[in-house]
Amino acid sequence: MKLRLFFPQILIVMLFDHTIHAQEPTYKQGVNIFIETGVTQPDNIPTWYAPMVAKPYAPVFEILATKGTQGRYYQYTYALTIKDMIKWHGHDCEGTTHAANSMKVAFEILFPDGIIDRSVIKGISGTGPCWSDAVAFLTGARLQYGNLGFFKNKEYNHSILLYRTDTKVAVLATWKKGINNIPGEPVVLPEKINWTTKVNMQDVVALKKEVKNAKGTPTPYQVDLLRFYQWTHVNDILNHPLHESYQAKVIEDFNWDDWVDNTKSIAKPFVRSDTRLKNHPYREKPVLDIK
């Protein structure tokens, strides 16, 4: 059981060596709330659809949620892994792993104490459900609330942008050049990997052009080979520290409408109510006197 103190503004400045003007968070860990982490066992037992969770650098996410539909913060986090994400998404695919890994490096900036507060995050992804499902699952962002969107620029389709509404910090995260394998799509941040992948990415790109062509007729062998390449690739990546394969950048002067495709958003989103009372005061006595 771990108890972590929360000093996000100081740590973000140290990481990026420039000033980020951020508001105070909605709670102060160790001051007006004490949140205990590491109290649930992450599901990192490998299985046929999630062998990658046993790899040394498979991410674990400590999630902070609110109680019920109108409740305060829980005082504990629960742990999530890629295995949980796969079961929710519906199948294992390389996109779920890449999205999880990208979000992990973004969360390290947004929540340096490791406590991911679902009540304060907005997210933007590509239109692929592997990516948007990952954002929705880990952050609670939803289209109907207006806090989940899709990138206006399609070159960012395999990136993720997370915005923390209480500290006003936005982080763009994506893979590094060398593990990317989407035909015709650039890597939108400048870094490259410095290790050698087991699978040649040019072979994957060429094979995807055949297998993913809606009008194509791939052979049964090509279909199976692509799956094997993708399976090998994500397991290979998680044998390396995530920062060797993924990169993130704080977006200065972030404006949601500059990044999101509003034609794919709900024009009049619903007001989110489940977090409204998250900081509501407690009763003076835990049990009312009965007369």
Side-chain angles (χ1 to χ4, degrees), residues 1-2 4 36-65 74 76-118 121 123 125-126 128-141 158-160 162 173-176 178-181 193 195-199 201 204 224-248:
M1 187 177 294
K2 301 175 184 177
R4 299 181 182 175
E36 297 177 22
T37 66
V39 292
T40 64
Q41 178 63 41
D43 189 354
N44 52 15
I45 299 173
T47 187
W48 60 269
Y49 60 85
M52 74 290 291
V53 295
K55 299 300 180 182
Y57 297 101
V60 175
F61 305 90
E62 293 284 348
I63 304 295
L64 178 67
Y74 281 109
Y76 306 92
T77 59
Y78 56 85
L80 293 176
T81 68
I82 294 176
K83 186 176 179 181
D84 299 302
M85 298 171 68
I86 289 170
K87 287 190 285 187
W88 190 76
H89 175 56
H91 65 192
D92 64 315
C93 58
E94 63 175 343
T96 295
T97 297
H98 285 306
N101 296 344
S102 295
M103 292 176 73
K104 182 67 173 181
V105 299
F107 283 143
E108 289 176 357
I109 300 169
L110 291 169
F111 301 99
D113 67 340
I115 299 172
I116 301 165
D117 183 353
R118 282 169 54 99
I121 315 173
S125 75
C130 315
W131 298 78
S132 59
D133 279 2
V135 175
F137 184 70
L138 290 178
T139 70
H158 293 83
S159 306
I160 286 174
L162 300 177
T174 191
W175 44 24
K176 292 184 179 181
I179 67 163
N180 61 301
N181 53 37
I193 64 170
W195 58 281
T196 303
T197 60
K198 289 183 178 180
V199 178
M201 290 299 96
V204 178
D224 292 338
L225 181 60
L226 179 58
R227 160 64 183 174
F228 180 74
Y229 278 165
Q230 293 174 319
W231 176 86
T232 302
H233 188 45
V234 297
N235 281 273
D236 184 26
I237 286 171
L238 292 175
N239 280 315
H240 300 264
L242 294 185
H243 286 274
E244 292 186 5
S245 304
Y246 300 88
Q247 55 188 321

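Because the structure is predicted, anything quoted here is derived from the model rather than measured.
Residues G178 and T197 share a closest heavy-atom pair of O-CG2, 3.8 Å. P46 approaches A54 most closely through the heavy-atom pair CG-CB, 3.8 Å. For A134 against M85, the heavy-atom pair with the smallest separation is CB-CE, 3.5 Å. V105 approaches A173 most closely through the heavy-atom pair CG2-CB, 4.0 Å. Taking all atoms of both residues into account, the shortest heavy-atom contact from S125 to I160 is CB-CG1, 4.5 Å. Of all heavy-atom pairs spanning R118 and A65, the tightest one is CD-CB, 4.4 Å.
A donor-acceptor pair is defined here as one N or O able to donate and one able to accept, closer than 3.5 Å; such a pair exists between the side chain of D236 and the backbone of K198. Remark: the backbone N or O of T81 is paired with a side-chain donor or acceptor of D84 at under 3.5 angstrom. With hydrogens and angles ignored, the 3.5 Å screen pairs no side-chain donor or acceptor of S245 with any backbone N or O of I193. A donor-acceptor contact shorter than 3.5 Å links the side chain of K176 to the backbone of H243. When atom types are taken as modelled, the side chain of N101 and the backbone of A99 share no donor-acceptor pair closer than 3.5 angstrom. Between the side chain of K104 and the main chain of V60, a donor-acceptor pair closer than 3.5 Å is present.
For the side chain to side chain contact (heavy atoms under 4.5 Å, CB included) with Y78, the qualifying choice from T40, V39, L64 is T40, the only one to do so. D92 pairs with exactly one of K87, R227, Q230 by the side chain to side chain donor-acceptor pair (under 3.5 Å) rule, that one being R227. For the side chain to side chain contact (heavy atoms under 4.5 Å, CB included) with T97, the lone residue among L238, I86, V53, N235 that qualifies is L238.
At a threshold of 4.5 Å between non-hydrogen side-chain atoms, the residues I179 and H233 count as touching. The closest side-chain heavy-atom distance from W195 to I237 is below 4.5 Å. No side-chain heavy atom of E108 sits less than 4.5 Å from a side-chain heavy atom of L242. Residues I82 and M52 meet the side-chain proximity criterion, which asks for heavy atoms closer than 4.5 Å. Using a 4.5 Å cut-off on side-chain heavy atoms (C-beta onward), F137 and V135 make no contact. Put simply, the side chain of I121 reaches to within 4.5 Å of the side chain of F111, judged on heavy atoms. Looking at heavy atoms from C-beta onward, I63 lies out of side-chain contact with Y74 at the 4.5 angstrom threshold.
The distance from the OG1 atom of T139 to the CZ atom of F107 is 6.5 Å, given to the nearest 0.5 Å. Rounding to the nearest 0.5 Å places CH2 of W131 at 9.0 Å from OG1 of T96. Atom CG of N239 is separated from atom CD of E244 by 11.0 Å, given to the nearest 0.5 angstrom.
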Query raised in the report: Can you list the steps and then say if W175 with H98 is a side chain to side chain contact (heavy atoms under 4.5 Å, CB included)?
Result: CA-CA 7 Å; W175 44 24; H98 285 306; 3.6 Å; yes
Report task. Test L138 against L80 for side chain to side chain contact (heavy atoms under 4.5 Å, CB included), laying out the working first. Result -> CA-CA 8 Å; L138 290 178; L80 293 176; 3.9 Å; yes
Query raised in the report: Run the side chain to side chain contact (heavy atoms under 4.5 Å, CB included) check on K83 and Y49 step by step: do they pass?
Result: CA-CA 8 Å; K83 186 176 179 181; Y49 60 85; 3.6 Å; yes
Report task. Determine, step by step, whether Q247 and T174 satisfy the side chain to side chain contact (heavy atoms under 4.5 Å, CB included) criterion, reporting the C-alpha distance in whole Å, the side-chain angles of both residues, the deciding distance to 0.1 Å, and the verdict. Result -> CA-CA 6 Å; Q247 55 188 321; T174 191; 4.1 Å; yes
